[in-house]
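Residue numbers start from 1 in every chain, and the chains themselves are labelled A, B, ... in the order their sequence lines are given, proteins ahead of strands. Atom set for the values below is all heavy atoms of this structure, side chains included, hydrogens, waters and symmetry mates excluded.
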Amino acid sequence: MKIASFNINGIKARINALADWLDEAQPDVAVLQEIKSVDEAFPSEIFEDRGYNVATHGQKSFNGVAIIAKCPLEDIVRGLPGDDADEQARWIEATVTGDHGAIRVCGLYLPNGNPAPGPKYDYKLGWMARLEARARALLAEEMPALMAGDYNIIPQPEDAARPEAWAEDALFLPQSRAAFHRVLNLGFTEAFRARHAGPGHYSFWDYQAGAWQKNNGIRIDHILLTPQAADLMQDCRIDRDIRGREKPSDHVPIWVDLAV
DNA sequence: ATGACTTGGGTGCCAAGA
């Protein structure tokens, strides 16, 4: 089962690029971030025409996440637990079942947090504390599960072409990275790093200042696997070339192949 | 050191992104 994550930076602006990617990559499941659409306006037909079931958790203008799957989406939950006052649509999860069993799939769009320090950074750290709580509960289930999405975290210096440029940024501050590693160290496997070592692997390139042409990228889209899911991993890749296409998102897809 | 792109809506500019 191929499970992908893709921050599409606006569903309306990405319909053609997204349709092309779906036709080629053929993920069985995908979590999408930054749909920037309310649920009622989400163009589900481009997915349904290709045999996907769709669940969205959107809001007006900003954020918004979705999950699509060629199999049924069961037990859909919208919103990250822990703060009933949080109105930002950044979390969705559902259970999908393949030929060899079920897996819980969580899609997330972690807050950017800039400028730091400030209220946006406080929100990021608070959100990550809630993520840690949900992560602990997932591990306690002792079943195949994953948390995939735009984490807005550069885990290590090798995950940025120019780490010095990010020293004061909310994506790379020690406190941000520590919060990410606290979640990871609960017992998750970071799928990409379990299979690919070394620098030069990125999932985001800024639209500005020729970042793509200079390969000035960062790796901020991640897939975290529970031990039961990690045992099933067969592959994990970043679809880098997507960034060079017509009207691209500033992120590219990352995906895992699991023997589910 | 600074600039610069792209998106959606609060529209002909603005906030937000990372």
Side-chain angles (χ1 to χ4, degrees), chain A residues 5-19 21 31-43 46 56-66 86-91 107-125 127-128 131 148-177 179-180 199-222 238 240 242-254:
Chain A
S5 172
F6 193 1
N7 179 323
I8 58 175
N9 188 18
I11 184 67
K12 295 178 192 70
R14 214 66 60 214
I15 284 177
N16 291 334
L18 194 53
W21 171 68
V31 291
L32 308 175
Q33 302 89 38
E34 284 206 89
I35 65 173
K36 296 186 176 180
S37 168
V38 294
D39 295 337
E40 306 78 61
F42 190 79
I46 70 168
T56 60
H57 180 41
Q59 69 178 91
K60 195 173 179 182
S61 306
F62 305 121
N63 310 319
V65 289
D86 185 0
E87 295 183 347
Q88 300 191 27
R90 296 178 175 276
W91 180 270
L108 67 98
Y109 176 44
L110 205 149
N112 173 302
N114 282 303
K120 292 191 174 183
Y121 193 57
D122 295 341
Y123 176 69
K124 178 174 194 154
L125 294 179
W127 204 94
M128 293 185 80
L131 174 65
D150 176 359
Y151 279 75
N152 271 316
I153 293 286
I154 302 166
Q156 302 289 355
E158 66 182 358
D159 296 312
R162 298 181 59 236
E164 68 281 4
W166 299 92
E168 309 298 322
D169 195 282
L171 278 62
F172 193 57
L173 282 173
Q175 215 177 343
S176 306
R177 295 168 56 199
F180 177 75
H201 301 289
Y202 311 127
S203 67
F204 169 92
W205 295 259
D206 202 291
Y207 287 124
Q208 300 183 68
W212 166 247
Q213 289 74 11
K214 298 174 187 168
N215 196 25
N216 178 18
I218 51 178
R219 194 176 68 90
I220 57 174
D221 298 87
H222 310 299
I238 294 172
R240 181 182 193 281
I242 296 291
R243 186 62 178 81
R245 293 190 175 178
E246 191 82 9
K247 207 170 161 58
S249 170
D250 38 8
H251 295 251
V252 296
I254 176 175

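Between the CD atom of A:Gln88 and the P atom of B:dA16 there is a distance of 10 Å, given to the nearest Å. Here the P atom of nucleotide B:dA18 and the CZ atom of A:Arg177 are 19 Å apart, to the nearest Å. In this structure, CD of A:Glu34 is placed 20 Å from P of B:dC5, rounded to the nearest angstrom. Atoms CG (A:Asn114) and P (B:dA15) sit 16 Å apart, rounded to a whole Å. In this structure, A:Leu110 atom CG and B:dG17 atom P are separated by 12 Å, rounded to whole Å. Rounded to an integer number of Å, the gap from NZ of A:Lys124 to P of B:dG17 is 10 Å. Distance, A:Trp212 CH2 to B:dA4 C1': 18 Å, rounded to whole Å. Separating the CZ atom of A:Arg162 from the C1' atom of B:dA18 is a distance of 14 Å, rounded to the nearest angstrom.
Within the structure, every side-chain polar atom (N or O) of A:His251 is placed at least 4.0 Å from both OP1 and OP2 of B:dG17. Put simply, A:Asn7 has a side-chain N or O that comes within less than 4.0 Å of OP1 or OP2 on B:dA18. In this structure, A:Tyr109 does not reach the B:dA16 phosphate: none of its side-chain N or O atoms is under 4.0 Å from OP1 or OP2.
Across all strands, A:Asn216 comes closer than 4.0 Å to no nucleic acid atom at all (heavy-atom distances). Using a 4.0 Å heavy-atom criterion, one finds that A:Asn152 contacts the sugar-phosphate atoms exclusively.
In this structure, CD in A:Glu40 is found 8.0 Å from OG1 in A:Thr56, a value given to the nearest 0.5 Å. Atom CG of A:Asp221 is separated from atom OH of A:Tyr202 by 14.5 Å, given to the nearest 0.5 angstrom.
Residue A:Asn16 places its CG atom among 12 or fewer non-hydrogen atoms of other residues, nucleotides or ligands, all under 6.0 Å distant. Around CD of A:Glu168, the count of heavy atoms belonging to other residues, nucleotides or ligands within 6.0 Å does not exceed 12.
Remark: A:Glu87 engages no residue in a salt bridge (charged side-chain N to carboxylate O under 4.0 Å, His left out) (not counting sequence neighbours).
Nucleotides B:dC5 and B:dG10 place their P atoms 26 Å apart, quoted to the nearest Å. Atom C1' of B:dT11 sits at a distance of 16 Å from the matching atom of B:dA16, rounded to the whole Å. The C1' atoms of B:dA4 and B:dG17 are separated by 14 Å, rounded to the nearest whole Å. Comparing the same atom, P, in B:dT6 and in B:dA1 gives a spacing of 27 Å after rounding to whole Å. Comparing the P positions of B:dA18 and B:dT7 gives an interatomic distance of 14 Å, to the nearest angstrom.
Taking 3.5 Å as the limit, the base of B:dA18 and the side chain of A:Asn112 contain a donor-acceptor pair of atoms between them.
Along DNA chain B, the nucleotide nearest to A:Ile220 and the one nearest to A:Ala209 differ in position, and the one closer to the 5' end is contacted by A:Ala209.
Both tests pass for A:Arg90 against the ring of A:Tyr109: distance under 6.0 Å to the centre and angle within 45° of the axis.
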Run A:Glu34 and A:Asn7 through side chain to side chain donor-acceptor pair (under 3.5 Å) and show every step you take. CA-CA 6 Å; A:Glu34 284 206 89; A:Asn7 179 323; 3.1 Å; yes

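Relative orientation of the A:Tyr151 and A:Phe180 rings is perpendicular, given thresholds of 30° and 60° on the angle between their planes.
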Using a 4.0 Å heavy-atom cut-off to protein, can you give one letter per nucleotide of nucleotides 6-13 of chain B, 5' to 3': B if the base is in contact, S if only the sugar-phosphate is, - if neither? SSSSB---

